[in-house]
Amino acid sequence: MPKRPIPNAVPMLCSGEEELRKAMLVRPNAWVIGSGPKAERITRLRSRLLVPDRIRWNTWRVIAVYSDEPIIANRFFMVKLKNGNEMQEKALVTWLNTTFGLLTVLANREETEGAFTEINIGQWRALSILDITRLDDEKLSSLVRVFDAYADKEFKRIPDQYGDYPDSIRLSFDLDFLKALDPGINKDRAKQCLIELYKRLGITLKTWIDNGDQSL
């Protein structure tokens with residue numbers, strides 16, 4: 001499989017290794033060459049928004065990823081929003097990677113082996129997610145600006161983002177998300193609440209991952 005762009009090839013995110021998902025913005029690392037009905041079907045599946053088919057919580061850093069160009073992937077579901085556009089896709093990726101999105105996925109997970117979770121596309125569709133279609137243009141634009149500001153920033157592994165000493169990128173990302181939805185929010189109060197949440201979530205994640213506790 002070619003590792004550099006070539007004419008008429010389909011860009012692909014191949015594998016789900018940690019190195020490829022340190023940040024929300026991803027780039028193709030392989031290009032697929034093919035012809036015939038199967039190749040045409042694969043080409044039609046391309047999308048910019050990708051969500052994983054499995055998550056190992058002790059090594060993952062972000063939940064959903066985004067590509068500037070439509071790509072295919074072998075370890076992610078390729079998601080196309082109905083009547084969606086790039087702004088809505090970026091807004092949704094932003095929400096999925098907030099602590100609130102992460103908690104939504106955690107609350108609806110089905111563990112297969114300790115901190116390892118498989119998620120099928122039906123489970124993704126059933127999640128109670130932020131309804132981006134109800135956001136006004138100002139809020140949508142604000143969320144896109146949050147995405148763009150953090151797109152290439154590398155998050156720590158999820159368990160290391162929380163606890164008594166939370167990841168500074170995690171904290172500022174969540175705060176900027178809240179401010180995008182409510183510009184008048186009391187930032188100091190919001191920061192205090194988030195830090196308290198991070199402490200509790202850090203303890204819970206550590207207990208669950210270390211002991212294989214499924215009662216999270």
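For this chain, numbers begin at 1 and follow the sequence in order.
In plain terms, the two heavy atoms of M78 and A73 that are nearest each other are SD-N, 3.6 Å. In plain terms, the two heavy atoms of A91 and I132 that are nearest each other are CB-CG2, 4.2 Å. N85 approaches M87 most closely through the heavy-atom pair OD1-N, 3.1 Å. In terms of heavy-atom proximity, I209 sits nearest to P159 at CD1-CG, 3.5 Å. For the residue pair Y198 and P166, the shortest heavy atom distance occurs at CD1-CB, 3.4 Å. Contact between P11 and P70 at its shortest, heavy atoms only, is CG-O, 3.4 Å.
Atom CE of M24 sits about 14.0 Å away from atom OG of S67, to the nearest 0.5 Å. Atom CG of D188 sits about 11.0 Å away from atom CD1 of I185, to the nearest 0.5 Å. With rounding to the nearest 0.5 angstrom, the CZ atom of R157 is 13.5 Å from the CG atom of D167. Between atom SG of residue C14 and atom CG of residue N74 there is a gap of 4.5 Å, rounded to the nearest 0.5 Å. Atoms CG and OG, from N108 and S128 in turn, are 7.0 Å apart once rounded to the nearest 0.5 Å. How far CD1 of I72 is from CG of L13: 10.0 Å, rounded to the nearest 0.5 Å.
Between K90 and D148 the shortest side-chain heavy-atom distance falls below 4.5 Å. Counting heavy atoms from C-beta on, the side chains of L50 and V93 never come closer than 4.5 Å. Considering only heavy atoms from C-beta on, N97 stays 4.5 Å or farther from L102 through its side chain. V65 is listed as a side-chain neighbour of F76, based on a closest heavy-atom distance under 4.5 Å. Under the 4.5 Å side-chain criterion, counting only non-hydrogen atoms from C-beta, K156 is not in contact with R170. Looking at heavy atoms from C-beta onward, L92 lies out of side-chain contact with V79 at the 4.5 angstrom threshold. Here the side chains of I158 and R61 are not in contact, with every heavy-atom distance at 4.5 Å or above. The closest side-chain heavy-atom distance from E69 to P28 is below 4.5 Å.
Connection of I203 to L106 is not established within any shared hydrophobic cluster, with ILVMFWY side chains joined at heavy-atom distances below 4.5 Å, either directly or through further cluster members. Hydrophobic clustering places L103 together with W60 (ILVMFWY residues linked when any side-chain heavy atoms are closer than 4.5 Å, directly or through intermediates). Taken together through direct or relayed side-chain contacts under 4.5 Å among Ile, Leu, Val, Met, Phe, Trp and Tyr, Y165 and L205 form parts of separate hydrophobic clusters. In the hydrophobic cluster analysis, where Ile, Leu, Val, Met, Phe, Trp and Tyr join through side-chain heavy atoms closer than 4.5 angstrom, L181 is grouped together with W95. Connection of L45 to L49 is established within a shared hydrophobic cluster, with ILVMFWY side chains joined at heavy-atom distances below 4.5 Å, either directly or through further cluster members.
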Hey, mind stepping through D53 and N120 against side chain to side chain contact (heavy atoms under 4.5 Å, CB included) and telling me if it holds? CA-CA 6 Å; D53 62 353; N120 61 49; over 6 Å; no

Test W124 against L96 for side chain to side chain contact (heavy atoms under 4.5 Å, CB included), laying out the working first. CA-CA 11 Å; W124 277 112; L96 283 168; 4.2 Å; yes

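Listed by first and then second residue, the side-chain hydrogen bond (donor to acceptor under 3.5 Å, both in side chains) pairs involving residues 98-107 are T99-Y162, T99-D174 (not counting sequence neighbours). Annotation: ring pair (Phe, Tyr, Trp, His ring centres under 6.0 Å) contacts involving residues 126-154, sequence neighbours excluded, comprise Y66-F147, Y150-F173.
By the side chain to side chain contact (heavy atoms under 4.5 Å, CB included) test, R189 is found to be paired with N186, Q192, C193, residues two or more places apart in sequence or in another chain being considered. Taking D136 as the reference, K139 meet the salt bridge (charged side-chain N to carboxylate O under 4.0 Å, His left out) condition, with sequence neighbours excluded. Scored by the side chain to side chain contact (heavy atoms under 4.5 Å, CB included) test, N83 finds no partners at all (sequence neighbours excluded). Partners of R125 according to the side chain to side chain contact (heavy atoms under 4.5 Å, CB included) rule, which considers only residues two or more places apart in sequence or in another chain, are I121. With sequence neighbours excluded, the residues forming a side-chain hydrogen bond (donor to acceptor under 3.5 Å, both in side chains) with R200 are E196, listed by chain and number. Taking S141 as the reference, nothing meets the side-chain hydrogen bond (donor to acceptor under 3.5 Å, both in side chains) condition, with sequence neighbours excluded. Residues satisfying the side-chain hydrogen bond (donor to acceptor under 3.5 Å, both in side chains) criterion with E40, sequence neighbours excluded, are absent altogether. Residues passing the side chain to side chain contact (heavy atoms under 4.5 Å, CB included) test with L175, sequence neighbours excluded: L171, K187, A190, K191, L194. In this view, D68 satisfies the side-chain hydrogen bond (donor to acceptor under 3.5 Å, both in side chains) rule with no residue, not counting sequence neighbours. Partners of R27 under the salt bridge (charged side-chain N to carboxylate O under 4.0 Å, His left out) rule, at least two apart in sequence or in another chain, are D152.
Heavy atoms from other residues, nucleotides or ligands lying under 6.0 Å from NZ of K179 number 12 at most. Counting non-hydrogen atoms of neighbouring residues, nucleotides and ligands closer than 6.0 angstrom, the NZ atom of K206 reaches no more than 12 such neighbours.
Residues R21 and E18 are not paired through a salt bridge, judged by the lack of any N-O separation under 4.0 Å between the basic side chain and the carboxylate. Using a cut-off of 4.0 Å between Lys/Arg side-chain N and Asp/Glu carboxylate O, R48 and E89 are scored as salt-bridged.
With no hydrogens or angles considered, no side-chain donor-acceptor pair links T59 and R56 at under 3.5 Å.
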